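For reference, the structure discussed in these notes is given below.
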Amino acid sequence: MSEERRVAISTREAFGKAILELGASVKDLVVLDGDISRSTYTVEFSRRFPDRHINVGVAEQNQMGVAAGLALVGYKPIVASYAVFASMRALEQVRTSICYPKLNVVIAASHGGLTPGNDGVTHQAIEDLGIMRTLPNMTVIAPADGVSLKPLLEQAISIDGPVYIRLTRDPVPIIYDENDEFQIGKAKQLKKGDDVTLIAIGDMVQWALKAHDLLLEEGVTSRVIDMHTIKPLDSEAVIIAARETGAIVTIEDHNTYGGLGSAVAEVLTLEHPVPQGRIALWDTFAESGPYEKLLDKYGMGTDHIVKAVHDVIKRKGSW
Amino acid sequence: MTPQRRELLETLKLRARQVRDRILRMVYAANSGHCGGSLSAADIVTALYFHIMRINPQDPNWPDRDRFILSKGHSCPVVYAALALKGYFPEEELSTLRAIDSRLQGHPDMRKTPGLDATTGSLGQGLSLGVGMALGAKIGGKGYRVYVLMGDGEVNEGQVWEAAACAAKYRLDNLIGIVDVNGLQNDGPTDEIMPMQPLAEKWRAFGWNVLEIDGHDMEQIVNALESAKDNNQGKPTVIIARTVKGKGVSFMENVVEWHSGAPTDAELEQALAEIWSGR
């Protein structure tokens, strides 16, 4: 079983496999691509289901509108694009043509965060989660690995209203078992711990797990939560974590404004204020380079997570 | 012309007067809204709703119905008037245009207004929706047609041309675009603000079948729409309709300031008199 058992796979590649299965079982599923079908892994779908694969060329605004039109006549469209284009080039089309009438369109946005490292800033979406989160009716998710992607995608195409799914360009380790259950809007606890909670999303979940192990060596127990759905956020999981561990560090491959750190802070300030540390890009564009080196250079590596935990635990006493 | 044809055209012309009447009254009641582009499109919209489209006001969500997308969404008074006159909702409701709790939003909201097939109002987005709907018909083997009404200022938007290329690629002969060429956009004459002529040649170059008509001559409108509807040649059709912004009301005709704004009591009285006196 080979492929599924691979240690690491990008969530975009897992997406390409998932839509092959879904295409066979969901007859009204259609996939729209914008001249990047090898990158978004919809190319195999286009061979298998040529009548249900629409390639609109390099024209993302039209791509969103065509998807909306298909949804309006009863299809279940998946728009495959890059996160920068889906969330910014075609933002107003997403807002007005899709979110306002609350259409069942799934937007699969690859190249999230710094995962397209070498491509550089033009292709690194560090704003998309924040932007998409501000749109009424929109659900926003970012699966942590290739296993969780599939059930989350299946739910995305069946729930009422639009869903934005952020995918990784680079491989991420498989952290889940195929029997694990997932629910959009319900966070997944990966590790138990009492001293602090690490809330991570997407490709950063792997680094949160690594930080957990390093912290354990120091005797610090950290709860690790995969917040695969940033909207609607699982507020309950955040409140319980705040109450039980007294400190939180949010970890995201995104600008510090508007993303997971903001979403968690919104809950904490209202419900249960505790010290919060934030791992994110600190309001800067990054640059070309290997993914992991970029994380290290821009303050998002495992060592930075560990340091953020030390800092936030120190602040516990002063609250 | 057969007597039946003559009668049809006379009936449609009467309907168009009613539509114009309701446009003016609802914008007056709302004390805001867009008269100019609603009046320029009134004859086209009347022909679509009262003759061309296969629709059923008793079953607004009938899956096989023809679709209409008002891409120039600010002109929604013309569509609200047609929908009310068709019986999609009570005529009295027209006076709630733009009011709080109304089903008639300032720009079309398909979730609120019975009979609307699309939510529009941000210019340039409607043709893409039409492409998606027409593609859906092709994929599913359905026979419905999709009509998209655009403005001549609206076609400044790049997305219109992305959609135009896409419609030609997918040979969407079930898609009919109509451009309401009233010659004025928000800030002034289209030739000054952003010249798009020769428009027919542009659409032809994008692979469309092009028809050019007088958008206030009911016979030409009906002939063009019927010909577009029955086109099975693997090409989408666009009807370039030359119109007059504010058509039917002397003081609104070709006056850029009447793009939006409501008539006063005296202006409404004069406007209605002109609509019914048959200028």
Side-chain angles (χ1 to χ4, degrees), chain A residues 23 26-35 46 49-79 81 85 89-107 135-137 160-162, chain B residues 61-69 71 73 105 107-113 116-146 148 157-172 174-175 206:
Chain A
V26 184
K27 296 297 176 198
D28 45 9
L29 185 82
V30 289
V31 173
L32 295 99
D33 211 295
D35 195 35
S46 76
F49 308 102
D51 296 342
R52 291 191 277 146
H53 184 271
I54 295 133
N55 199 327
V56 300
V58 192
E60 293 80 11
Q61 300 177 359
N62 182 52
Q63 189 182 9
M64 294 298 175
V66 174
L70 283 158
L72 283 167
V73 294
Y75 288 90
K76 291 182 186 299
I78 299 180
V79 172
S81 188
F85 311 141
R89 169 70 69 101
L91 172 58
E92 199 219 345
Q93 285 73 15
V94 172
R95 173 196 181 265
T96 301
S97 286
I98 295 173
C99 289
Y100 179 25
K102 199 177 179 189
L103 301 181
N104 295 329
V105 174
V106 172
I107 299 166
L135 299 176
N137 294 334
D160 188 30
Chain B
N61 299 319
W62 177 34
D64 293 334
R65 72 190 184 280
D66 287 341
R67 265 69 172 184
F68 176 73
I69 299 166
S71 195
Q105 295 294 293
H107 291 80
D109 179 345
M110 59 164 285
R111 295 295 186 198
K112 289 213 162 89
T113 310
L116 283 182
D117 293 319
T119 292
T120 53
S122 171
L123 294 177
Q125 300 194 21
L127 190 59
S128 297
L129 300 177
V131 169
M133 291 179 182
L135 250 176
K138 291 285 183 194
I139 296 170
K142 300 262 191 184
Y144 63 78
R145 305 282 194 288
V146 182
V148 182
E157 288 281 4
Q159 189 185 348
V160 171
W161 303 99
E162 293 183 0
C166 191
K169 173 188 170 183
Y170 285 100
R171 305 170 58 86
L172 301 178
N174 52 352
L175 177 66
F206 272 81

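Computed from heavy atoms alone, side chains included, the values below leave out hydrogens, waters and symmetry copies. Naming: A, B, ... by sequence-line order, numbering from 1 per chain. Note that the structure is predicted; figures quoted are calculated from it, not measured.
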Handout entry: B:Gly132 backbone acceptor or donor facing A:Tyr75 side chain under 3.5 Å
Key =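 No; zero donor-acceptor contacts below 3.5 Å.
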Practice task
Report the option among A:Val30, A:Leu70, A:Asp51 that has the most heavy-atom pairs separated by less than 4.5 Å from atoms of chain B.
Solution key: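 Answer, by heavy-atom pair count under 4.5 Å with chain B: A:Leu70.
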Practice task
Count the heavy-atom pairs under 4.5 Å between each of A:Asn62, A:Val73, A:Val66 and chain B, then report the option with the highest count.
Solution key: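 Of A:Asn62, A:Val73, A:Val66, A:Asn62 has the most heavy-atom pairs under 4.5 Å with chain B.
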Quick check for you: to the nearest 0.5 Å, what is the distance between [X] atom [atom1] and [Y] atom [atom2]?
X	Y	atom1	atom2	answer
B:Glu162	A:Met64	CD	CE	11.5 Å
B:Thr119	A:Ile98	OG1	CD1	12.0 Å
B:Gln105	A:Tyr100	CD	OH	5.0 Å

Problem - Exceeds 12 heavy-atom contacts within 6.0 angstrom, atom CZ of A:Arg52 - result: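 Buried by this count: over 12 neighbours within 6.0 Å.
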Problem - Greater than 12 external heavy atoms within 6.0 Å of B:Arg171's CZ - result: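 No, CZ of B:Arg171 has 12 or fewer neighbouring heavy atoms, counting only those of other groups under 6.0 Å.
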Please give me the minimum heavy-atom distance between [X] and [Y], naming the atom from each residue.
X	Y	answer
A:His53	B:Tyr170	O-OH, 4.2 Å
B:Leu129	A:Ala68	CD2-CB, 3.4 Å
A:Leu103	B:Arg111	CD2-NH2, 3.7 Å

Practice task
Tell me, with the steps shown, if A:Glu92 and B:Ser122 meet side chain to side chain contact (heavy atoms under 4.5 Å, CB included).
Solution key: CA-CA 9 Å; A:Glu92 199 219 345; B:Ser122 171; 2.4 Å; yes
Practice task
Please tell me if the side chains of A:Leu72 and B:Arg67 come closer than 4.5 Å, counting only heavy atoms from C-beta onward.
Solution key: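 They are not in side-chain contact.
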Exercise for the section: Indicate whether the side chain of A:Thr96 and that of B:Gln125 have a donor and an acceptor atom separated by less than 3.5 Å. Expected result: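 No - no donor-acceptor pair under 3.5 Å links their side chains.
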Problem - Trace of the side chain to side chain contact (heavy atoms under 4.5 Å, CB included) decision for B:Ile139 with A:Ile54 - result: CA-CA 11 Å; B:Ile139 296 170; A:Ile54 295 133; 4.2 Å; yes
Problem - Side chain, backbone, both or neither of B:Asp117 within contact of chain A (heavy atoms, under 4.5 Å) - result: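 For B:Asp117, the backbone is the part near chain A, not the side chain.
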Problem - Under 4.5 Å from any heavy atom of chain B - which part of A:Asp28 - result: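 No part of it gets close to chain B.
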Handout entry: Residue, of B:Lys142, B:Lys169, B:Met133, B:Lys138, that accumulates the most heavy atom pairs under 4.5 Å with chain A
Key =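 Ranked by contacts with chain A, first place is B:Met133.
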